[in-house]
Amino acid sequence: MGVALRDIIVEYKVPVTWEALPGVAAVDAHNALYQFLSIIRQPDGTPLMDSNGRVTSHLSGILFRNASFLERGIRPVYVFDGPPPDFKQKTIEERRRVRVQAGVRWEEALAKGDTKEAYKQARSSSKVDREIIETSKKLLSLMGIPCIEAPSEGEAQATHMVMQGDASYVVSQDYDTLLFGVPMLVRNLTISGKRKIHGRSVTLNPEKVTLPGVLKGLGITREQLIQIAVLIGNDFNPGLKGIGPKTGLKLVKEGSFEKTLREREPDFDPAPVIDFFLQPPITSEYDLAWHPPDTVKIEEMLCGEYNFSVERVQKALEGIVGKAGQKTLDKWF
DNA sequence: CTGCGCTA
DNA sequence: TAGCGCAGG
């Protein structure tokens with residue numbers, strides 16, 4: 001998922017604290033849900049499920065993450081994807097193929113008793129399907145958190161909302177919003193900060209990436225950043241074999257973007273992709289309103305339908321109403 | 001991912 | 001009271 005800009009952007013990330021991030025956060029909903037689905041699993045890869053076998057990992061993630069956002073003065077708005085552009089079709093099919101294959105390999109690893117491999121494959125088999133999206137929207141709404149439908153890519157819409165001044169930054173693990181021109185992107189906005197990477201437990205702190213910082217640091221324009229994304233591959237085109245971010249940056253800086261494409265992929269016209277990043281479908285018609293959480297209905301949904309523990313849910317909700325309550329409730333809701 | 005209980 | 005490991009649904 002996303003574009004592999006990490007290697008050239010690593011220097012331009014700035015650590016931030018939660019206290020420095022008050023205001024409205026435009027959350028890349030698909031990215032957040034995928035993260036929850038892929039990570040909130042048992043060691044053998046089994047996700048959290050209710051007694052009917054329905055996946056609940058995303059609901060757990062949404063409840064605790066957003067309770068924490070609200071407690072700390074961050075007002076999240078979740079931006080969901082609309083219909084993808086035609087030229088994303090190949091990417092979508094390829095992802096589906098990889099996902100299905102991971103599902104098969106998960107089964108195989110389980111049969112062999114290879115727990116580590118099972119967990120890895122299970123993560124890759126995660127799918128943000130219609131059911132996941134609908135249940136997520138329902139819980140978010142009950143928590144009083146606005147959900148926006150993008151005309152097309154959620155990342156483009158979230159970016160637009162920051163540019164309009166309706167949100168302060170985008171929350172996503174992916175760098176794609178930079179291509180859409182987001183002024184500020186925040187990654188690792190998690191509560192614990194703890195992650196398991198290569199079996200080791202490491203602490204990841206929230207970090208911000210600003211587009212001006214990246215462009216200035218790399219000495220390029222946004223158009224050139226998009227050119228790099230086209231060369232190395234992104235959500236909308238596969239990129240050229242053997243060209244990663246470093247080589248892409250070099251080629252683009254020496255003005256060889258068109259020449260390289262002409263030589264390597266004469267039949268590929270990058271114009272639609274470039275144009276999509278520069279002028280994506282977006283809308284200014286959205287309502288941003290936060291409400292106090294409907295604690296009764298949340299409990300009905302999570303505990304009544306999905307077997308969540310009443311104590312855990314109530315505790316999370318108390319955190320929102322209690323702390324956010326007295327100080328900021330009036331201003332927000 | 002997140003909360004929580006146990007350990008030093 | 002920080003750090004680790006496990007359960008959560």
Side-chain angles (χ1 to χ4, degrees), chain A residues 1-2 16-18 21 25 27-72 74 76 78 106 110 115-116 118-129 131-136 138-140 142-143 145 171-174 186-207 293 295 297-324:
Chain A
M1 195 132 324
V16 277
T17 59
W18 281 77
L21 296 168
V27 181
D28 175 355
H30 186 275
N31 185 264
L33 296 182
Y34 184 84
Q35 215 81 344
F36 290 145
L37 284 183
S38 78
I39 291 167
I40 305 180
R41 288 173 184 274
Q42 292 178 314
D44 70 350
T46 310
L48 297 188
M49 290 185 296
D50 69 7
S51 53
N52 296 311
R54 293 180 298 186
V55 172
T56 55
S57 296
H58 59 303
L59 300 177
S60 179
I62 287 171
L63 175 71
F64 295 118
R65 173 82 61 85
N66 290 303
S68 182
F69 277 0
L70 295 170
E71 271 179 58
R72 300 179 198 219
I74 294 174
Y78 280 70
W106 178 19
L110 278 180
T115 305
K116 218 178 152 198
Y119 182 78
K120 186 180 147 201
Q121 296 299 339
R123 283 190 62 168
S124 300
S125 75
S126 307
K127 165 137 200 260
V128 180
D129 62 20
E131 179 75 7
I132 297 292
I133 290 171
E134 291 314 311
T135 49
S136 297
K138 185 178 174 196
L139 179 56
L140 286 165
L142 292 178
M143 292 184 80
I145 294 166
V171 175
S172 177
Q173 290 302 99
D174 288 347
V186 176
R187 304 180 70 249
N188 302 338
L189 203 54
T190 59
I191 297 166
S192 73
K194 276 181 191 164
R195 291 283 179 76
K196 266 195 197 144
I197 296 179
H198 305 309
R200 303 210 187 293
S201 187
V202 294
T203 305
L204 293 183
N205 295 312
E207 58 192 29
T295 53
K297 284 190 178 164
I298 291 171
E299 205 177 303
E300 276 173 15
M301 176 183 179
L302 295 181
C303 308
E305 292 183 53
Y306 295 104
N307 306 134
F308 276 62
S309 121
V310 178
E311 294 76 37
R312 285 173 143 251
V313 170
Q314 282 181 347
K315 182 118 196 237
L317 295 175
E318 273 164 26
I320 304 176
V321 182
K323 288 191 191 168

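Within every chain, numbering begins at 1; the chains are lettered A, B, ... in the order of the sequence lines, protein sequences first and strands thereafter.
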For A:Ser309, report the nucleic acid contact type (base, sugar-phosphate, nothing); a contact means any heavy atom under 4.0 Å.
sugar-phosphate
For the side chain of A:Phe308, counting heavy atoms from C-beta on, which of C:dG9, B:dC1, B:dT2 is nearest?
C:dG9
What is the distance from CG of A:Leu59 to C1' of B:dC1, rounded to the nearest Å?
13 Å
Can you measure A:Asn307 atom CG to C:dA7 atom C1' for me and round it to whole angstrom units?
15 Å
Among C:dG9, B:dT2, B:dC1, which is the nearest nucleotide to the side chain of A:Met49?
C:dG9
Determine whether the side chains of A:Thr56 and A:Asp50 contain a donor N or O and an acceptor N or O closer than 3.5 Å.
no
Under 4.0 Å, counting only non-hydrogen atoms across every strand here, what does A:Pro43 touch: a base, just sugar-phosphate, or nothing?
nothing
Between A:Asn66 (CG) and B:dT2 (P), how many Å, whole number?
10 Å
Distance-only criterion, 3.5 Å: show the donor-acceptor pairs between side-chain atoms of residues 297-305 of chain A and protein atoms not counting sequence neighbours.
residue	atom	partner	partner atom	Å
A:Glu299	OE1	A:Gln314	NE2	3.1
A:Glu305	OE2	A:Lys138	NZ	3.2

Looking only at side-chain N and O atoms, does A:Lys315 come under 4.0 Å of OP1 or OP2 in B:dT2?
no
Separation of A:Phe64 atom CZ from C:dA7 atom P, in whole Å?
16 Å
Rounded to whole Å, NE2 of A:His58 lies from P of C:dG8 at a distance of 19 Å
B:dC1 OP1/OP2 closer than 4.0 Å to side-chain N/O of A:Thr190
yes
Between atom CZ in A:Arg65 and atom P in C:dG8, what is the gap in whole Å?
21 Å
Please state how far atom CZ in A:Arg312 lies from atom P in B:dC4, giving the value in whole angstrom units.
6 Å
Just by distance, with hydrogens left out, do A:Thr135 and A:Arg54 show a side-chain donor and acceptor under 3.5 Å apart?
no
Looking only at side chains, do A:Thr46 and A:Asp44 share a donor and an acceptor under 3.5 Å apart?
yes
Quick one: A:Tyr119 OH to C:dG5 P, roughly how many Å, whole number?
15 Å
In chain order, what residues pass the side-chain contact (heavy atoms from CB on, under 4.5 Å) check against A:Glu311, with sequence neighbours excluded?
A:Ser309
